[in-house]
Q: 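Have a look at this one before I ask anything.
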There are 2 protein chains.
Amino acid sequence: MTNLTYAEENYLKAIYQLSEEGKKGVSTNDIAAEMKTKPASVSDMLRKLGEKEVIEYRKYYGVHITEEGKKFALRTIRKHHLWEVFLVDKLKFSWDEVNAVADELQHIKSKILIQRLDEYLGFPKFDPHGDPIPDEYGDVRARPRLPLNELSILDTGQIVAVKDNSSAFLKYLDKVGAYIGARIKVLEKVEFDGSIEIMVDNKKTLFMSKEVAANILIMQ
Amino acid sequence: MTNLTYAEENYLKAIYQLSEEGKKGVSTNDIAAEMKTKPASVSDMLRKLGEKEVIEYRKYYGVHITEEGKKFALRTIRKHHLWEVFLVDKLKFSWDEVNAVADELQHIKSKILIQRLDEYLGFPKFDPHGDPIPDEYGDVRARPRLPLNELSILDTGQIVAVKDNSSAFLKYLDKVGAYIGARIKVLEKVEFDGSIEIMVDNKKTLFMSKEVAANILIMQ
DNA sequence: GAATGGTTTTAGGGTTGTCTAAAAATATAT
DNA sequence: ATATATTTTTAGACAACCCTAAAACCATTC
């Protein structure tokens with residue numbers, strides 16, 4: 001049975017999360033940014049993770065996580081989220097304080113510990129940020145998805161899918177930067193025509209018609 | 001402010017505990033046995049801990065922990081014990097399952113986490129094994145001490161001091177292996193003369209008169 | 001006061017994970 | 001399609017730990 005070090009667990013979790021956002025192969029640079037490390041270090045680690053067959057690694061062509069790798073990543077994510085629930089529900093941490101501590105706690109290896117903790121917390125399905133907690137088998141109870149035009153002002157969420165898969169529509173989304181995985185926030189809704197203004201990834205604002213918004217699915 | 005790695009924290013905790021037992025300098029071999037590692041690795045680590053001034057290290061002459069080092073060790077011990085209480089009281093672990101998990105949990109760095117955990121557990125003063133938990137400032141609420149002859153059959157404890165400090169008495173204790181720090185268990189009490197039979201360190205049994213037992217102080 | 005036995009340290013090497021600097025490969029633009 | 005820019009990988013080093021084998025040291029004993 002493959003055993004991963006703390007660092008490997010962290011990398012794998014990051015790779016899984018990045019690949020869930022974009023759905024395509026994940027780049028060395030992205031991983032380096034996410035892990036706050038240098039691309040050279042990432043290359044090194046990718047080689048190791050490739051040898052352990054938790055990722056599929058083709059030099060210069062980014063990374064895909066394997067089924068085995070997903071299991072490991074989801075296990076770490078499950079532990080991270082359960083500890084977050086513990087910190088908020090039991091120890092009265094505020095939701096913005098928990099991430100750093102959970103980053104350490106997520107590596108504790110005892111399986112029975114996590115089972116007991118899960119039970120103690122009442123088998124929670126979502127963490128304090130609303131992210132779903134994978135179950136023991138790595139299954140995730142997905143949050144309901146809403147068309148973007150049904151959100152209210154100041155609502156936030158993440159683009160998880162599109163209804164219209166026409167190439168023209170996807171091309172448009174690509175151009176404006178509204179990719180799958182983007183974090184959005186509704187800044188303005190125009191009553192007259194239903195068009196909205198959103199903030200994408202806390203970086204740039206974007207206007208779109210009601211028709212476009214209706215085809216973008218948001219997970220809150 | 002000095003920062004210690006996980007391994008350094010583990011060594012320091014072991015050194016502190018060994019030095020509490022024997023009161024003299026701690027030997028490289030003893031540390032290696034305690035840490036389940038090799039003497040050569042210990043030498044390496046002692047050099048590092050010496051540089052960080054948490055121990056006083058004279059080559060070939062064993063080790064003394066410094067005041068600074070004690071603080072670190074007590075902090076780790078406090079965390080270890082608090083997590084043990086959490087595992088037993090909240091997650092329903094049995095007292096013999098907790099040590100391995102607590103060995104991992106004791107390294108989690110967040111100060112506020114430990115404060116909140118302490119509060120959540122009701123500021124416990126003793127861990128599930130009866131060992132006292134150092135407070136935030138490293139102070140330990142000592143357990144009441146009893147003369148060995150006042151224990152009952154099957155009572156357990158640890159030799160923490162002797163009343164009679166005569167060299168003859170200490171020599172005798174040394175010879176029979178009843179050193180400070182030894183774990184004892186009362187196996188038999190003879191009504192007639194008050195003499196008792198005890199198990200020392202789960203290794204060997206020992207008979208002693210009431211007079212001798214009365215001079216040995218036990219912490220339960 | 002030398003020889004012996006046990007303990008401790010040094011020397012040298014392996015793994016994990018990080019870095020900088022330079023080389024190699026890919027992507028983009030004219 | 002070739003030059004340029006960007007991304008990614010390799011090379012070489014370093015720190016933290018651990019190991020084995022050999023050397024150095026200490027404490028006895030004769």
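Throughout, protein chains are lettered first and strands after them, A, B, ... in sequence-line order, and every chain is numbered starting at 1. Only this structure's heavy atoms are used, side chains among them; waters, hydrogens and symmetry mates stay out.
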Q: Just N and O in the side chain of Asn29(B): are any of them under 4.0 Å from OP1 or OP2 of dT8(C)?
A: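 Yes, within the criterion.
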
Q: Please state whether the phosphate of dC18(D), meaning OP1 or OP2, lies under 4.0 angstrom from any side-chain nitrogen or oxygen of Tyr6(B).
A: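 No, no such contact exists.
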
Q: Less than 4.0 angstrom between a side-chain N/O of Tyr61(A) and OP1 or OP2 of dT26(C), yes or no?
A: yes

Q: Which part of the nucleic acid, if any, lies within reach of Ala7(A) when heavy atoms closer than 4.0 Å are counted: base, sugar-phosphate only, or nothing?
A: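 Answer is sugar-phosphate: Ala7(A) comes under 4.0 Å of backbone atoms only.
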
Q: Taking the side chain as every heavy atom from C-beta outward, state whether Tyr11(B) and Met35(B) have any pair of such atoms under 4.5 Å apart.
A: yes

Q: Checking contacts here: which listed nucleotide (dT18(C), dT8(C), dT9(C)) is nearest the side-chain heavy atoms of Ser27(B)?
A: dT8(C)

Q: Over 60° means perpendicular and under 30° means parallel, so tell me whether Tyr120(A) and Phe86(B) are parallel, tilted or perpendicular.
A: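 Geometry flag for Phe86(B) against Tyr120(A): perpendicular rings.
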
Q: Considering only side-chain heavy atoms of Tyr57(A), which listed nucleotide, dC18(D), dT9(D), dT18(C), is closest?
A: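 Looking only at heavy atoms from C-beta outward on Tyr57(A), the closest nucleotide is dT9(D).
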
Q: Looking only at side-chain atoms of Thr5(A), point me to the closest of dA11(C), dG17(C), dT8(C).
A: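 The nucleotide sitting nearest to the side chain is dG17(C).
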
Q: How long is the line joining CG of Asp44(B) and C1' of dG12(C), in whole Å?
A: 12 Å

Q: What is the separation between atom CG on Leu46(A) and atom P on dA25(C), rounded to the nearest whole Å?
A: 18 Å

Q: Specify the separation, in whole Å, of atom CZ of Arg47(A) and atom C1' of dT10(D).
A: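 Going from CZ in Arg47(A) over to C1' in dT10(D) covers 11 Å.
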
Q: Can you tell me how far apart CG (Leu105(A)) and CD (Glu104(B)) are? Round to the nearest 0.5 Å.
A: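 Here the interatomic distance stands at 10.5 Å.
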
Q: Answer yes or no: does a side-chain N or O of Lys48(A) lie under 4.0 Å from OP1 or OP2 of dG17(C)?
A: yes

Q: Using a cut-off of less than 4.0 Å, is there contact between a side-chain N or O of Tyr60(A) and OP1 or OP2 of dT10(D)?
A: no

Q: Using whole Å, report how far OH of Tyr11(B) lies from P of dA16(D).
A: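 Taking OH of Tyr11(B) and P of dA16(D), I get 14 Å after rounding.
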
Q: Which nucleotide in the list dC18(D), dT7(C), dT20(D) gets nearest to the side chain of Thr37(B)?
A: dC18(D)

Q: I'd like to check Asp103(A) versus Gln106(A) (side-chain heavy atoms, cut-off strictly below 4.5 Å). Are they in contact?
A: yes

Q: Leu49(A) CG to dT15(C) P: how many Å, rounded?
A: 17 Å

Q: When you get a sec, tell me which of dT9(C), dC18(D), dT8(D) is the closest nucleotide to the side chain of Ala40(B)?
A: dT9(C)

Q: Can you find a side-chain donor-acceptor pair between Asp44(B) and Ser41(B) that sits under 3.5 Å?
A: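 Ser41(B) and Asp44(B) do not have a side-chain donor-acceptor pair below 3.5 Å.
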
Q: Check every strand shown and say whether Thr28(B) touches a base, only sugar-phosphate, or nothing at a heavy-atom separation below 4.0 Å.
A: sugar-phosphate

Q: Lys92(A) side chain to Asp89(A) main-chain N or O, any donor-acceptor pair under 3.5 Å?
A: yes

Q: Using whole Å, what does the distance between atom C1' of nucleotide dC19(C) and atom CE of Met45(A) come to?
A: 14 Å

Q: Look at the side-chain N and O atoms of Ser41(A) and state whether any lies under 4.0 Å from the OP1 or OP2 oxygen of dT18(C).
A: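 For dT18(C), OP1/OP2 do not have a side-chain N/O of Ser41(A) under 4.0 Å.
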
Q: Does the side chain of Lys38(B) get closer than 4.0 angstrom to OP1 or OP2 of dA21(D) through an N or O atom?
A: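 For dA21(D), OP1/OP2 do not have a side-chain N/O of Lys38(B) under 4.0 Å.
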
Q: Tell me whether the side-chain N/O atoms of Lys59(A) come closer than 4.0 Å to OP1 or OP2 in dA24(C).
A: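 Indeed not, no polar side-chain atom of Lys59(A) lies that close.
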
Q: Using whole Å, what does the distance between atom C1' of nucleotide dT15(C) and atom CG of Asn3(A) come to?
A: 15 Å

Q: Which sits closer to the 5' end of DNA chain C, Arg58(B) or Glu8(A), going by the nucleotide each is nearest to?
A: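 Going by which nucleotide is closer to the 5' end, it is Arg58(B).
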
Q: Using whole Å, report how far CE of Met35(B) lies from C1' of dC18(D).
A: 11 Å

